[in-house]
Amino acid sequence: MSAHILLVEDEVKLARFIELELTSEGYRISIAHDGMTGLTLARESAPELVILDWMLPGMTGVEICRRLRATGIKVPVILLTAKDEVGDRVAGLDAGADDYVVKPFSIEELLARVRAHLRRTQEVDQDVLQFDDLSLNRLTREVFRGQRAIDLTAKEFDLLEYLLSHPRQVYTRDQILENVWGYDFIGDSNIIEVYVRYLRLKLEEKGEKRLIQTIRGVGYVLRD
Ligand code: CA
């Protein structure tokens, strides 16, 4: 499946140009032209890579990056900086950006950085998902809480795998239904509550702290 990239750039023509190039490389692109929209999309649309312009109306790219990292979102971030901001690049890296590209840049350079960062995440995005003392192996389908092995049914496993794929990211009930049960699922959406209850019983059997949290009126998130 093609990677989903979020581009936050207020220069509309430049944004359009980058969008066309990335699209022709086969990526799926979302665009925001201001900081707040960018932050919201970065949090809610689960992009696999984010390209942030530094200077944006509303909120700088660096601030967006800082806020994403503060909530545990680890998506790779490439900052676009104007030449005279290069001196500040340390601030960008401190805020948790993975890379920066100086404007004006060649599109080939940007594409190369995008490929490199996506490759790296795919390598890290390996077979074992982990959060806190919870780990899940996609190949062996084993789940552990610390040293304790946990037996899950196929659906419980799928649900946990989905929540573990992005810890601290809130998933809506619709997202969970579509991704775990499938787009064509027809039935009672209370099925999610039922399975979350099963999972919690198994994950907290020895009095372990709760990791699957309910976000009332929205959905679920894996966090402390
Ligand atoms: Ca700008």
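Counting starts at 1 for both ligands and their atoms, following the listed order.
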With a 4.5 Å heavy-atom cut-off, do Arg223 and Leu211 have their side chains touching?
-> no
Side-chain donor/acceptor of Glu21 to backbone N/O of Glu19, under 3.5 Å | no
Please tabulate, one pair per line, all N/O donor-acceptor pairs under 3.5 Å involving side-chain atoms of residues 157-164, not counting sequence neighbours.
| residue | atom | partner | partner atom | Å |
| --- | --- | --- | --- | --- |
| Asp158 | OD1 | Arg141 | NH2 | 3.3 |
| Glu161 | OE2 | Arg138 | NE | 2.7 |
| Tyr162 | OH | Asn179 | ND2 | 3.0 |

Pull up every protein N/O/S atom sitting under 3.0 Å from the Ca ion (ligand 1), skipping waters.
-> Asp10 OD1, Asp53 OD2, Met55 O
Passing option when His33 is tested against Leu56, Asp53, Val12 for side chain to side chain contact (heavy atoms under 4.5 Å, CB included) | Val12
More than 12 foreign heavy atoms under 6.0 Å from CG of Asp151: is that the case here?
-> no
Please examine the side chains of Glu25 and Leu22, heavy atoms only from C-beta on, and report whether any two atoms are closer than 4.5 Å.
-> no
